[in-house]
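Each chain gets a letter, A, B and so on, in the order the sequences are listed, and its residues count up from 1.
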Number of protein chains: 2
Amino acid sequence: MTERTADRVMDTAAELFRRKGYAESSMRELAELLGIRKATLYHHVQSKEAILEWLCIESLRRVTADVREVIEREDEPLRPMIERHLLVALADRDMHATMLLESGSLSGERRARVVALRRDYELLVEGVIAAEQREGRLRSDYEARPLTLSLLNLLNWTIFWYEPQGAMSAADVARMLASVYLDGAALPVSARPG
Amino acid sequence: MTERTADRVMDTAAELFRRKGYAESSMRELAELLGIRKATLYHHVQSKEAILEWLCIESLRRVTADVREVIEREDEPLRPMIERHLLVALADRDMHATMLLESGSLSGERRARVVALRRDYELLVEGVIAAEQREGRLRSDYEARPLTLSLLNLLNWTIFWYEPQGAMSAADVARMLASVYLDGAALPVSARPG
DNA sequence: TTGACGCCCGACCGGCCGGTCGGTAGTGTC
DNA sequence: GACACTACCGACCGGCCGGTCGGGCGTCAA
């Protein structure tokens with residue numbers, strides 16, 4: 001049952017960290033949510049920071065794996081890649097939020113490992129952006145790097161306002177953001193009313 | 001000199017909170033950065049949370065005032081509004097980052113006040129978006145609300161990767177983001193190479 | 001000279017923090 | 001019955017936290 005318990009610890013920690021913030025969450029509180037004592041919690045995890053590192057790495061691992069699969073499968077991967085990124089981020093919401101907001105609380109090697117994974121992922125996306133520019137499907141008046149970072153801004157922070165029970169499904173939001181990013185929010189002049 | 005000192009406290013606190021996070025920053029550390037003792041610091045501010053509230057309110061006050069002025073002056077305010085928002089956010093970087101990341105650490109009435117200001121600002125932007133939709137300059141296949149939140153995502157989180165000493169000036173980034181949001185990142189099919 | 005005021009400080013407080021320790025209870029194996 | 005292993009726990013630790021208290025020191029006005 002170790003595996004089950006470890007998973008439960010990680011899920012609960014992700015929810016707690018997202019709701020209260022990493023520094024404001026205590027191991028006592030986490031133990032209480034799990035229905036065990038703090039000393040017992042340390043039987044399952046090495047330290048508080050180890051939990052945070054695991055959450056960061058796992059969220060990046062999942063989004064990287066999924067997006068890489070889309071890139072390898074699709075001929076024109078940009079739009080499906082955008083949609084997949086968003087669907088994964090919304091599915092692993094608490095974990096993803098913790099990675100975005102709290103990875104700065106890691107220190108030393110833990111921090112270095114997470115920063116490296118994040119950089120790898122950014123470069124994966126940037127590679128797609130640059131390729132689409134070369135093939136003339138994406139505008140080239142700006143560098144691939146700021147275009148990539150803008151896209152990731154647009155996507156990543158959606159988890160903080162999206163409401164699963166609202167009018168739009170996750171797939172709806174994914175389509176909308178892909179369309180806004182690629183096609184723009186403005187109506188083309190030719191399509192405007194007189 | 002009280003005014004000078006209070007300003008210095010707020011500037012220093014904003015930089016510290018952005019660099020280390022609110023919960024991870026201590027009043028001892030802030031006092032040390034200011035070259036005074038902790039007890040003296042409490043002569044100038046009421047509490048740690050009061051500092052955070054002031055930073056949040058002030059950053060929202062500035063961006064709201066500036067953007068409102070643009071809206072009242074311009075006939076087609078959307079593009080200049082986007083650019084102004086970004087310039088203000090980049091100018092008050094530490095304060096703005098603290099507001100975005102740490103306002104959740106406020107409690108009770110302080111939190112309520114900041115949340116209300118944030119909501120006011122969102123509604124101000126949403127009003128512009130909705131107006132542009134009615135006038136046919138903005139696509140209407142999505143609601144004004146998610147279009148607004150997407151735009152704010154795209155803009156707000158830029159402060160975390162923009163490098164002032166880099167190749168692009170703040171005005172360059174502002175123009176780029178306005179163009180990506182309005183015109184899209186894709187090349188129109190008609191403009192693509194054969 | 002006196003006293004009010006702004007600015008400063010050392011010493012201290014209770015409380016919560018992450019983490020450790022020694023030990024117990026149950027369970028399955030040989 | 002002996003052993004090993006896992007899950008569990010109460011009690012405890014040193015350390016840092018936000019915040020307070022009483023008082024010192026210079027300036028300036030009466």
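With sequence neighbours excluded, no residue forms a ring pair (Phe, Tyr, Trp, His ring centres under 6.0 Å) with B:Trp54.
The pair B:Asp183-B:Arg79 meets the salt-bridge criterion, with a side-chain N (NZ, NE, NH1 or NH2) lying under 4.0 Å from an Asp/Glu carboxylate O.
When the nearest nucleotides of DNA chain C are assigned to B:Ile36 and A:Ala39 by heavy-atom distance, the more 5′-ward of the two goes with B:Ile36.
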Please write out the pairs of protein N or O atoms and N or O atoms of nucleotides 13-19 of chain C separated by less than 3.5 Å, giving the distance to one decimal.
{"unit_1": "C:dC17", "atom_1": "OP1", "unit_2": "A:Ser26", "atom_2": "OG", "d": "3.4"}
{"unit_1": "C:dG18", "atom_1": "OP1", "unit_2": "A:Ser25", "atom_2": "O", "d": "3.2"}
{"unit_1": "C:dG18", "atom_1": "OP1", "unit_2": "A:Lys48", "atom_2": "NZ", "d": "2.9"}
{"unit_1": "C:dG18", "atom_1": "OP2", "unit_2": "A:Met27", "atom_2": "N", "d": "2.9"}
{"unit_1": "C:dG18", "atom_1": "N7", "unit_2": "A:Arg28", "atom_2": "NH1", "d": "3.0"}
{"unit_1": "C:dG18", "atom_1": "O6", "unit_2": "A:Arg28", "atom_2": "NH2", "d": "3.0"}
{"unit_1": "C:dG19", "atom_1": "OP2", "unit_2": "A:Tyr42", "atom_2": "OH", "d": "2.7"}
{"unit_1": "C:dG19", "atom_1": "OP2", "unit_2": "A:Lys48", "atom_2": "N", "d": "2.8"}
{"unit_1": "C:dG19", "atom_1": "O5'", "unit_2": "A:Tyr42", "atom_2": "OH", "d": "3.4"}
{"unit_1": "C:dG19", "atom_1": "N7", "unit_2": "A:Lys38", "atom_2": "NZ", "d": "2.3"}
{"unit_1": "C:dG19", "atom_1": "O6", "unit_2": "A:Lys38", "atom_2": "NZ", "d": "2.0"}

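Note: A:Trp157 and B:Trp157 have parallel aromatic rings, judged against thresholds of 30 and 60 degrees for the angle between ring planes.
The nearest whole Å value for the distance from the CG atom in B:Leu41 to the C1' atom in C:dC8 is 12 Å. Rounded to whole angstrom, the span from the CG atom of A:Leu34 across to the C1' atom of D:dC8 amounts to 13 Å. Distance CZ (A:Arg37) to P (D:dG10): 5 Å, rounded to an integer number of Å.
At least one side-chain nitrogen or oxygen of A:His44 sits closer than 4.0 Å to the OP1 or OP2 atom of D:dC8. Considering only side-chain N and O atoms, B:Thr40 lies under 4.0 angstrom from the phosphate OP1 or OP2 of C:dC9.
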* Dump the intermediate steps for ring pair (Phe, Tyr, Trp, His ring centres under 6.0 Å) on A:His85 and A:Tyr121, then the final yes or no. => CA-CA 11 Å; A:His85 174 110; A:Tyr121 182 68; 5.6 Å; yes
* Apply side-chain hydrogen bond (donor to acceptor under 3.5 Å, both in side chains) to A:Ser103 and A:Arg111, showing your working. => CA-CA 7 Å; A:Ser103 61; A:Arg111 189 202 195 99; over 6 Å; no
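For the pair B:Lys48 and B:Tyr42, the NZ or CZ position fails the cation-pi test of under 6.0 Å to the six-membered ring centre and within 45 degrees of the ring normal.
Proximity note for A:His43 (side chain, C-beta onward) versus D:dT6, C:dC9, C:dC8: the nearest is D:dT6.
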